[in-house]
Visitor: 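Attaching a single structure in structure tokens format; questions to follow.
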Protein chains: 2
Amino acid sequence: MERSKTQPYHHGQLREALVTSGRALLEEKGIRGFTLRECARRAGVSHAAPAYHFASIDDLLAELAARGFDELAAAMTAEADRVKGAEDAATGRLVGQGVGYMAFAAGNPALFQLMSSREANRLDTPALAAAADKVRSLHAAAVEAVIPHASGEIKQRMADFVGASVHGFISLLLDGQIGGKDSSRALKARGLSLLSAMAETVIRTGG
Amino acid sequence: MERSKTQPYHHGQLREALVTSGRALLEEKGIRGFTLRECARRAGVSHAAPAYHFASIDDLLAELAARGFDELAAAMTAEADRVKGAEDAATGRLVGQGVGYMAFAAGNPALFQLMSSREANRLDTPALAAAADKVRSLHAAAVEAVIPHASGEIKQRMADFVGASVHGFISLLLDGQIGGKDSSRALKARGLSLLSAMAETVIRTGG
DNA sequence: CGCCTAATCTTGTCGTTGGAAAGAGGCAGA
DNA sequence: TCTGCCTCTTTCCAACGACAAGATTAGGCG
């Protein structure tokens, strides 16, 4: 094999390269079109090379999902920080986190779908669970800040409510089940309308 | 081949048999574990027999999804009719439809996930679109009955809100992202709590 | 009643997949 | 330097979706 100039025998960064090519492939072909061999091909290695870094294709998908949750948490925090100067800081953060959540999902639809189906696809690693937990605790903290004096049960149910509304809206939207022929601007308005209705419900129920 | 007593050469009901075995297989193995050949095996025919009835594996999945939406609409209507005797009939129906939606999803998690990802999986048939439309119009009609005097825009946004809340809650629940170690009874209470908060928001926003 | 056309199903094949096994290449510590 | 381990390649296997060609039968037409 002619390899001397082009490719060293040892890749060196193969795990990272597979994560990168895998993520791109996932967005291009969707979950059902995702193949381990194509990931390897794009990373410039043989089809069996990934086996050392990922025990199975589900292992690689779990890694992609876990990193997705990390990014999602970061996107939520970043957007919440951005709207710091609102009149009601706590409510502003709650809505901001929702905007960040939706923006991440819209920007990475296939990855988001993968993240939303790990149970059904039987992928379950500690890193994945921890990353998903972080997102949940962000929701809980934002709700806590809005209704600090409410009971724990109310807070938990409002956190459910917030997570469900935001997740459900962007899921249905990406699925084409909401806003068929609306422009992007009108859809954003509907999303914000949902977020404000959601925030108002949290405030009213908690107080 | 010895076939005289056991299996006639022509199945006769193969399309229906494939839909039935396919649905069972989907719930057993999940979307990624779904194979056309296993469907054929369970229906007692050769691996190439399905080709005549379904052009591709995506065609069969689309059929399963379309029938799922039909069943979902029926479950929503049935549950809404069941709670007919509530104090506020319109609100009762709205909540009842939400309960029916969640019950169907909980009873058919893999099918529900398939239905919630048709865009990403590139399946798109007229029957599927029509069946999904029926579910959406049920949401819209229930909201309409609760706030008949609101503007069309408010009604549309409240329909979004209702669909998103219900869909998001049951999706996160089936995904294990809500109510990790709660009993089934406590989860149902949280679901109902979400539905009542949702209904109250619709009423307040519309009036 | 008998044929005969078209629909249905089987068998066989191709290219691709995920995974396992065996061996080659290269790095790092003794 | 040498040796052992980590990484990657090559080779192989069973299973997959899809296609092609042949077998079988139902049902209409004579």
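Computed over heavy atoms, backbone and side chain alike; hydrogens, waters and symmetry mates excluded. Just so we're on the same page: letters track the sequence lines, and every chain starts at 1.
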Visitor: How long is the line joining CG of B:Leu60 and P of D:dC16, in whole Å?
Guide: 14 Å
Visitor: Taking 4.0 Å as the cut-off, does a side-chain nitrogen or oxygen of A:Arg41 come that near to OP1 or OP2 on C:dT16?
Guide: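 Answer no for this pair, as no side-chain N or O of A:Arg41 is under 4.0 Å from OP1 or OP2.
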Visitor: Please tell me if B:His11 has a side-chain N or O lying less than 4.0 Å from either OP1 or OP2 of D:dT25.
Guide: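 So the side-chain polar atoms of B:His11 never come under 4.0 Å of the phosphate oxygens OP1 or OP2 of D:dT25.
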Visitor: Which nucleotide sits closest to the side chain of B:Leu14: D:dC8, C:dC9, D:dG17?
Guide: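 Per side-chain heavy atoms of B:Leu14, the pick is C:dC9.
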Visitor: Could you tell me how far apart A:Lys29 (NZ) and D:dG17 (P) are, to the nearest whole angstrom?
Guide: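 Distance, rounded to whole Å: 18 Å.
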Visitor: Please tabulate, one pair per line, each protein N/O and nucleotide N/O from nucleotides 11-14 of chain D that are separated by under 3.5 Å, including the distance.
Guide:
| unit_1 | atom_1 | unit_2 | atom_2 | d |
| --- | --- | --- | --- | --- |
| D:dT11 | O4 | A:His47 | NE2 | 2.8 |

Visitor: Checking the side chain of B:Glu27 only, and the main-chain atoms of B:Leu111 only, is there a donor and an acceptor separated by less than 3.5 Å?
Guide: yes
Visitor: Look at the side-chain N and O atoms of A:Ser46 and state whether any lies under 4.0 Å from the OP1 or OP2 oxygen of D:dT10.
Guide: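 For D:dT10, OP1/OP2 do not have a side-chain N/O of A:Ser46 under 4.0 Å.
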Visitor: Does anything in residues 159-171 of chain B form a salt bridge (charged side-chain N to carboxylate O under 4.0 Å, His left out)? List the pairs, not counting sequence neighbours.
Guide: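 Only A:Arg190-B:Asp160 qualify under salt bridge (charged side-chain N to carboxylate O under 4.0 Å, His left out).
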Visitor: Of all residues at least two apart in sequence or in a different chain, which pass the side-chain hydrogen bond (donor to acceptor under 3.5 Å, both in side chains) check with B:Glu71?
Guide: B:Arg23
Visitor: List the residues meeting side-chain hydrogen bond (donor to acceptor under 3.5 Å, both in side chains) with A:Glu28, not counting sequence neighbours, and say none if there are none.
Guide: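 Listed in chain order: A:Arg42.
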Visitor: Whole Å only: how far is the CG atom of A:Leu36 from the P atom of C:dG19?
Guide: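 After rounding, the reported distance stands at 6 Å.
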Visitor: Mind checking what makes side-chain hydrogen bond (donor to acceptor under 3.5 Å, both in side chains) contact with A:Gln177, not counting sequence neighbours?
Guide: A:Asp175
Visitor: Whole angstroms only, please: what is the CZ-P distance between B:Phe54 and D:dC16?
Guide: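 These atoms are roughly 18 Å apart.
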Visitor: So A:Arg15, base contact, sugar-phosphate only, or nothing? Heavy-atom distance under 4.0 Å.
Guide: nothing
Visitor: Rounded off to whole Å, could you give me the CZ-to-C1' distance for the A:Arg32 and C:dT16 pair?
Guide: 15 Å
Visitor: Check the distance between C:dA20's P and A:Ile57's CD1 and give it to me in whole angstrom.
Guide: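 So the CD1-P distance, A:Ile57 to C:dA20, works out to 13 Å.
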Visitor: Which residues satisfy the ring-ring contact (aromatic ring centres under 6.0 Å, His included) test with B:Phe112, sequence neighbours excluded?
Guide: B:Tyr101, B:His167
Visitor: Kindly write out the residues that satisfy side-chain contact (heavy atoms from CB on, under 4.5 Å) with B:Lys134, not counting sequence neighbours, or none if the list is empty.
Guide: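 Listed in chain order: B:Asp70, B:Ala73.
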Visitor: Show your reasoning for whether side-chain contact (heavy atoms from CB on, under 4.5 Å) applies to B:Val135 and B:Met115.
Guide: CA-CA 12 Å; B:Val135 170; B:Met115 291 156 59; over 6 Å; no
Visitor: Could you work out which one of C:dT10, D:dT9, D:dG17 sits closest to the side chain of A:Val45?
Guide: D:dT9
Visitor: So, using side-chain hydrogen bond (donor to acceptor under 3.5 Å, both in side chains) as the criterion, who are the partners of A:Arg67 when residues are at least two apart?
Guide: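 A:Arg67 satisfies side-chain hydrogen bond (donor to acceptor under 3.5 Å, both in side chains) with A:Glu16, A:Glu63 once adjacent residues are dropped.
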Visitor: Taking CD from B:Gln13 and P from C:dC9, how many angstroms apart are they, rounded to a whole number?
Guide: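 My rounded result for the distance is 10 Å.
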Visitor: Nearest whole Å is fine: how far is D:dA15 P from B:Phe34 CZ?
Guide: 18 Å
Visitor: Please work out which residues in residues 18-26 of chain B have a non-hydrogen atom less than 4.0 Å from an atom of DNA chain C and list them by number.
Guide: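 Heavy-atom contacts with DNA chain C come from no residue of residues 18-26 of chain B; none.
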